[in-house]
Amino acid sequence: MFTIGDFARHGRVSVRMLRHYDATGLLRPAHVDPVSGYRYYSAAQLARLNRIIALKDLGFTLQQVRDIVDEKVSPEELRGMLRLRRAELESAMAAAGARLIQVEARLRAIESEGHMPTNDVVIKSVRSVRVAELTATAASFSPEDIGPVIGPLYDELFRCLDSAGITPTGPGIAYYEDAPEGEGRISVHAAVQVSAPLQDGTFRILDLPPLDQAATIVHRGSMDAVVPTAQALARWIDANDYQSMGYPREINLECPDDREDWVTELQAPVTRA
C-alpha cells in the first residue's frame, strides 16, 4: 500500500488532485485509516488513475470520465466519443495553425513599417471580365474571418459549375464590398472567369466592371499571410499620391495544393489624390 504522497509521486499527479478525485468518488483510496484518516492506495489503482488522466487530457468531463472508467459507456459509445473528440482536436489544431500564420504575418507587417515595398507595384487598367460567382457574408475583412467563408464558397461554386456543364476559362477572382447590414461585415464574392450567358440562379453569371486604374502587387504564399503584402501596397498608394477607391480584388494566378506556393495578384482600384 502507498500513502497518498507516494501514490501521487508514482502517478505523477498532485496530492490535491487525488483528494479531489476522492471527494468526487472518481478514485477512492483502497483504505482509509479509521483513527488517523490517512489515505492509502494500492498499486493496482494506478491503472484506473492512468485512465482518468488520459480521458481528462482528451477533454472529457469528470462525469464522462467516471462513466467510462466505471464501464457505464458501451464500447461503441466510447468509440463515438473518441471520434468526436479527435475531430474537435483536429479542428482546434487547424485553427491554431491558421492563427499562427496570421500572427507571423502581422509580425512581418510590423517589421516592414517605415519601409517602401521591394515588390513591384504596377499601375494598370483592368478590363471587364465575365465571371460566375457565389456570395456570402464575413464578419470582417480580416484573414481569419474571410478564409472560412471564401474557401467553402469556391468549393460550392465549382460543384455548381460542374453540374451545369460550365468550364472555367480563367482564374478565380475574389472581390469584396461593405455588406448592407454594416457593422464591419463584408460581402464576399467568390468568382471565376467563364464564357457563358448572363444568368441569376443558384449562382450568378455577370460582367465584372473594368478598373480604369488599379495599383497591383503580387503576393506569394497563403492568403492567410497576405497582410504584409496588402499593407505594402497601401503604403505605395499613399506615397505616390494615389487614393484607394475600394477593396482590392484578388486574382488567383496559381493555386497548387500547397497553399504556400499560391501566387495571387492584388488589384486595388485607385485614383489620383
* To do: Using only heavy-atom distances, determine whether the side chains of T264 and H219 contain a donor-acceptor pair under 3.5 Å.
  => no
* Between R249 and I173, is there a donor-acceptor pair closer than 3.5 Å when you use the side chain of the first and the backbone of the second? -> no
* Of all heavy-atom pairs between L157 and L134, which one has the smallest distance, and what is that distance? -> N-CD1, 3.5 Å
* To do: Treating Ile, Leu, Val, Met, Phe, Trp and Tyr as nodes and any side-chain heavy-atom pair under 4.5 angstrom as an edge, say whether Y41 and M17 lie in one connected cluster.
  => yes
* Rounded to the nearest 0.5 Å, what's the gap from OH on Y21 to NZ on K56? Could you check? => 3.5 Å
* Heavy-atom neighbours of R16 CZ exceed 12 at 6.0 Å -> no
* Euclidean distance, I123 CD1 relative to N240 CG, rounded to 0.5 Å -> 8.0 Å
* To do: Quick one: pull up CG in D207 and CZ in R130 and give me the separation to the nearest 0.5 Å.
  => 4.0 Å
* Could you tell me the separation between the CD atom of E265 and the CG atom of L253, rounded to the nearest 0.5 Å? => 6.0 Å
* P168 versus I166, closest heavy-atom pair with distance -> CD-O, 3.8 Å
* To do: Give a yes or no answer on whether the side chain of Q231 reaches the backbone of P228 with a donor-acceptor pair at less than 3.5 Å.
  => no
* Asked: Does the side chain of T202 reach to within under 4.5 Å of the side chain of C160, using non-hydrogen atoms?
  -> yes
* Look at the side chain of S187 and the backbone N and O of T137, then say whether any donor-acceptor pair between them is shorter than 3.5 Å. => no
* E254 and D261: CA distance, side-chain angles, deciding distance, side chain to side chain contact (heavy atoms under 4.5 Å, CB included) verdict -> CA-CA 8 Å; E254 297 179 21; D261 293 331; over 6 Å; no
* Structure fact -> To the nearest 0.5 Å, atom CG of L233 lies from atom CD of Q267 at 10.5 Å
* To do: Could you walk me through whether D120 and I217 pass side chain to side chain contact (heavy atoms under 4.5 Å, CB included), step by step?
  => CA-CA 6 Å; D120 289 330; I217 191 172; over 6 Å; no
* **Neighbour count >12 (heavy atoms, 6.0 Å) for atom CD, E71** => no
* Atom of S140, atom of I186 and distance for their closest heavy-atom approach -> C-CG1, 3.7 Å
* Do Y175 side-chain atoms and A191 backbone N/O form a donor-acceptor pair below 3.5 Å? -> no
* To do: Can you see which heavy atom on L161 is nearest to which on V192, and at what distance?
  => CD1-CG1, 3.6 Å
* SB check R39 D22 (cutoff 4.0 Å) -> yes
* **Side-chain donor-acceptor pair present, Q63, R66, cut-off under 3.5 Å** => yes
* To do: Please examine the side chains of V121 and Y242, heavy atoms only from C-beta on, and report whether any two atoms are closer than 4.5 Å.
  => no
* Shared hydrophobic cluster for Y176 and V131 (ILVMFWY, side-chain gaps under 4.5 Å) -> no
* Tell me whether V218 is reachable from L211 by hopping between hydrophobic residues (I, L, V, M, F, W, Y) whose side-chain heavy atoms are closer than 4.5 Å. => no
* Asked: Just wondering, are more than 12 heavy atoms of other shown residues or ligands nearer than 6.0 Å to CG in N50?
  -> yes
* Please answer whether the main-chain N or O of M1 pairs with a side-chain N or O of S42 as donor and acceptor at a distance below 3.5 Å. => no
* To do: For salt bridge (charged side-chain N to carboxylate O under 4.0 Å, His left out), just list the numbers for D224 and R259, CA-CA rounded to whole Å, side-chain angles, deciding distance to a tenth of an Å, and then say yes or no.
  => CA-CA 9 Å; D224 290 334; R259 292 163 62 91; 3.5 Å; yes
* Between the side chain of T24 and the main-chain N/O of H20, is any donor-acceptor distance below 3.5 Å? -> yes
* Asked: When hydrophobic residues are tied together by side-chain contacts of less than 4.5 Å, even through go-betweens, does L206 share a cluster with I150?
  -> no
* Write down the atom of V15, the atom of I4, and the distance for their closest heavy-atom approach. => CG1-CD1, 3.9 Å
* Structure fact -> Those residues at least two apart in sequence (or on a different chain) that pass salt bridge (Lys or Arg N to Asp or Glu O under 4.0 Å) with E133 are R204
* At their closest point, which heavy atom of I237 faces which heavy atom of V270, and how far apart are they? -> CD1-CG1, 3.8 Å
* Which distance, rounded to the nearest 0.5 Å, do you find between the CD of E177 and the OG1 of T135? -> 8.0 Å
* Asked: W262 side chain to P256 main-chain N or O, any donor-acceptor pair under 3.5 Å?
  -> yes
Please set out all donor-acceptor pairs under 3.5 angstrom arising from side-chain atoms of residues 29-38, sequence neighbours excluded.
| unit_1 | atom_1 | unit_2 | atom_2 | d |
| --- | --- | --- | --- | --- |
| D33 | OD1 | V35 | N | 2.8 |
| D33 | OD1 | S36 | N | 2.8 |
| D33 | OD1 | S36 | OG | 3.3 |
| S36 | OG | Y38 | N | 3.2 |

* **Neighbour count above 12 (heavy atom, 6.0 Å) for R220 CZ** => no
* To do: Anything under 30° is parallel, anything over 60° is perpendicular, the rest tilted; go ahead and classify F2 against F7.
  => tilted
* side chain to side chain contact (heavy atoms under 4.5 Å, CB included) evaluation trace for T216 with K124 -> CA-CA 7 Å; T216 66; K124 64 183 181 182; 3.5 Å; yes
* With distance as the sole test, does D70 use its side chain to make a donor-acceptor pair with the main-chain N or O of K72 at under 3.5 Å? -> no
* Short question: side chain of E250, backbone of M223 - any donor-acceptor pair under 3.5 Å? -> no
* ILVMFWY cluster, Y247 and L266 together (side-chain gap under 4.5 Å) -> no
* Answer yes or no: is there a side-chain heavy-atom contact under 4.5 Å between L82 and R86? => no
* To do: Would you confirm whether Q64, through its side chain, and T61, through its main-chain N or O, come within 3.5 Å as a donor-acceptor pair?
  => yes
